[in-house]
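Report on the following structure.
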Number of protein chains: 2
Amino acid sequence: MTVAQKILDAEKTMGSGKSVESFTIGQLSRETGCKVPTIRYYEQIGLLPEPGRSAGNQRVYGQQHLSRLAFIRHSRELGFSQAEIRQLLELSDHPDQPCAEINAIAQKHLDEVNHRISRLESLKAELERMVHACQGGKVEDCRVIDTLADHAHGNCLTAEH
Amino acid sequence: MTVAQKILDAEKTMGSGKSVESFTIGQLSRETGCKVPTIRYYEQIGLLPEPGRSAGNQRVYGQQHLSRLAFIRHSRELGFSQAEIRQLLELSDHPDQPCAEINAIAQKHLDEVNHRISRLESLKAELERMVHACQGGKVEDCRVIDTLADHAHGNCLTAEH
DNA sequence: CTAATGTCTCTAGTAACTATAGCTTCAAGA
DNA sequence: TCTTGAAGCTATAGTTACTAGAGACATTAG
């Protein structure tokens with residue numbers, strides 16, 4: 001039995017009878033799609049708990065780290081900030097509290113998401129218009145620049161020339 | 001006539017017969033919704049050209065700065081990076097070139113926007129489900145945490161407790 | 001056993017700002 | 001005219017969320 005396995009055995013034995021899974025930082029990286037330095041960074045800022053170490057001082061992760069990291073990555077991808085993720089993780093560490101707070105975070109985020117979607121939808125419309133309007137012409141006939149200037153304050157950037 | 005007006009008169013006289021508009025950095029900020037330090041930052045990184053100065057060394061902006069800053073802010077809001085905006089501005093400064101490049105930037109951005117929209121739409125669905133599922137319960141019954149962990153790799157974070 | 005790959009720490013760099021400190025300038029009222 | 005408070009100046013440092021590099025030690029495949 002390796003030192004790594006010993007450490008992990010001491011740390012955790014999961015529900016099922018089969019042997020505990022452990023991961024190096026590289027394996028964790030491959031599993032979650034999160035880069036190695038980013039994993040260390042999450043540990044540094046306290047989002048991810050410090051894992052056990054092997055005899056050679058290398059990080060040894062367990063299933064719980066995998067879950068937590070996956071949670072963090074997924075949340076980040078969905079646009080939650082580190083602060084929000086921290087809140088969610090803290091709340092999840094105290095499951096006896098009412099979930100009103102979590103609900104508030106989710107609701108606030110939902111509002112933001114709706115706002116972002118509507119802005120992206122109008123951007124999409126503009127971009128599609130641009131791409132169709134600007135077909136093999138010259139820049140002076142291209143509406144991309146105008147569109148971006150116009151929609152801000154009704155001014156035309158190309159008028160400067 | 002103030003020194004500021006002199007500088008601006010020398011810089012620019014617009015098509016219409018009326019007197020040239022000039023702005024302090026604060027006015028520019030109010031007009032565009034862009035914070036004062038951000039305007040100075042844009043000048044520093046070369047996105048916004050250096051304006052004239054008053055006798056007392058204060059920045060004096062003209063209409064063209066307003067347009068350009070509005071363009072930058074609008075583009076930023078729509079998610080274009082500084083590098084992309086720089087490209088667009090450079091292209092707009094050479095209006096004799098074919099607009100294929102601008103088109104490519106817009107198309108690339110359109111692809112990204114579509115991707116973002118679809119991810120935000122599924123996030124929206126998840127968040128709505130969360131908000132509805134989590135009604136006055138306790139955290140341990142709340143699906144927000146599970147949802148965020150599950151969708152990453154099918155693991156349940158709360159199982160750690 | 002050696003070579004290649006992986007991991008370690010530490011420092012510094014990136015994008016896109018934002019804030020602070022300590023000063024000068026400007027505009028408006030007494 | 002003086003003064004006082006807002007606005008502006010420069011310069012530096014902090015923020016968020018990473019990413020990259022240097023140089024040393026660990027692990028693993030052949």
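Remember, predicted model here, so these are calculated numbers, not experimental data. Chain A is the first sequence line, chain B the second, and so forth, proteins listed ahead of strands; every chain is numbered from 1.
The CD1-P distance, from A:Ile72 to D:dA17, rounds to 12 Å in whole Å. Across the protein-nucleic acid pair, A:Arg86 atom CZ and D:dA17 atom P stand 9 Å apart, rounded to whole Å. Here the C1' atom of nucleotide C:dT9 and the CZ atom of A:Arg40 are 8 Å apart, to the nearest Å. When rounded to the nearest whole Å, the span between CD1 of A:Ile85 and P of D:dA17 equals 8 Å. Taking atom CD of residue B:Gln44 and atom P of nucleotide C:dT14, one finds them 13 Å apart after rounding to whole Å. Atom pair B:Ile25:CD1 and C:dC26:P shows a separation of 15 Å (rounding to whole Å applied). Across the protein-nucleic acid pair, A:Tyr41 atom OH and D:dA20 atom P stand 15 Å apart, rounded to whole Å. Between the CZ atom of B:Arg73 and the P atom of C:dA16 there is a distance of 11 Å, rounded to whole Å.
A side-chain N or O of B:Tyr42 and one of B:Arg73 form a donor-acceptor pair less than 3.5 Å apart.
Among the heavy atoms of the strands lying under 4.0 Å from B:Arg59 are primed sugar atoms or P, OP1, OP2 only; no base atom is included.
Contact annotation: A:Tyr42 side-chain N/O to D:dC18 OP1/OP2 distance is under 4.0 Å. Checking the phosphate oxygens (OP1, OP2) of C:dT24, no side-chain nitrogen or oxygen of B:Arg53 falls inside 4.0 Å. Side-chain nitrogen and oxygen atoms of B:Thr38 include at least one within less than 4.0 Å of the OP1 or OP2 phosphate oxygen of C:dT18. Look at B:Thr24 and you won't find any side-chain N or O under 4.0 angstrom from OP1 or OP2 of C:dC26. Taking 4.0 angstrom as the limit, B:Ser54 places a side-chain polar atom (N or O) nearer than this to OP1 or OP2 of C:dC26.
A distance of 14.5 Å separates CZ in B:Arg68 from OG1 in B:Thr32, rounded to the nearest 0.5 Å.
Considering every non-hydrogen atom in both B:Pro51 and B:Glu43, the closest pair reads CD-OE1, 3.4 Å. Scanning all heavy atoms of the two residues, the minimum distance from A:Val60 to A:Ser22 falls at CG1-CB, 4.0 Å.
Looking at which nucleotide of DNA chain C each of A:Arg30 and B:Asn57 is closest to, the 5′-most match is held by A:Arg30. Both A:Ala83 and B:Gln27 lie close to DNA chain D; mapped to their nearest nucleotides by heavy-atom distance, the more 5′-ward contact belongs to B:Gln27. Along DNA chain C, the nucleotide closest to B:Gln82 and the one closest to B:Gln58 are compared, and the more 5′ of them pairs with B:Gln82.
Look at A:Glu50 and A:Arg59 and you find no salt bridge, because none of the NZ, NE, NH1 or NH2 atoms lies under 4.0 Å from a carboxylate O.
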